[in-house]
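Everything below concerns the one structure shown next.
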Amino acid sequence: MHHLQLDPRTTLLDTLRERLELTGTKKGCDRGQCGFCTPGQIMSAVALHREGLPASDEEIRERMSGNICRCGAYPNVVDAVRRGGVR
């Protein structure tokens, strides 16, 4: 058990990584602090780029729809895919 005194604004992620040095916990999109969807989003985006980038954001959303994002960062994912943020 650990007893810590923290600023109330300190996130659980930052506490685990910076104060307890438990670096297995990863920061994902930095919007919801969870990283739950990151591996699946990256794999799908890379495959999408290899197959040829869809013409519209709607097509990107459709092709990425199998990935569940807990924090709702879908607009950022679509933007990253459209701009070629993953390869």
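Both backbone and side-chain heavy atoms feed into the values below; hydrogens, waters and symmetry mates do not. Residues take their numbers from the sequence shown, with the count starting at 1. Keep in mind that what you see is a predicted model, and the values were worked out from it rather than measured.
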Does some side-chain heavy atom of Leu48 sit less than 4.5 Å from a side-chain heavy atom of Met64?
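SC-SC contact between Met64 and Leu48 confirmed.
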
Could you check whether any side-chain heavy atom of Arg19 comes within less than 4.5 Å of a side-chain heavy atom of Leu6, counting everything from C-beta outward?
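A side-chain contact exists here, since the closest heavy-atom pair is under 4.5 Å.
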
Look only at the side chain of [X] and the backbone of [Y], and say whether a donor-acceptor pair between them is shorter than 3.5 Å.
X: Tyr74; Y: Cys69; result: yes
X: Ser44; Y: Gln41; result: no
X: His49; Y: Val81; result: yes

List for me each residue that meets salt bridge (Lys or Arg N to Asp or Glu O under 4.0 Å) alongside Glu51, sequence neighbours excluded, and say none if there are none.
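Glu51: salt bridge (Lys or Arg N to Asp or Glu O under 4.0 Å) contacts with Arg63.
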
Spacing of Leu22 atom CG and Thr15 atom OG1 [to the nearest 0.5 Å]:
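Output value for this atom pair is 10.5 Å.
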
What's the spacing between His2 NE2 and Leu20 CG if we round to 0.5 Å?
5.0 Å

I'd like to check the side-chain contact (heavy atoms from CB on, under 4.5 Å) partners of Ser56; sequence neighbours left out, ordered by chain and number.
Glu58, Glu59

Would you say Asp7 and Thr10 are linked by a side-chain donor-acceptor pair, where the criterion is simply a distance under 3.5 Å?
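No, Asp7 and Thr10 have no side-chain donor paired with an acceptor closer than 3.5 Å.
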
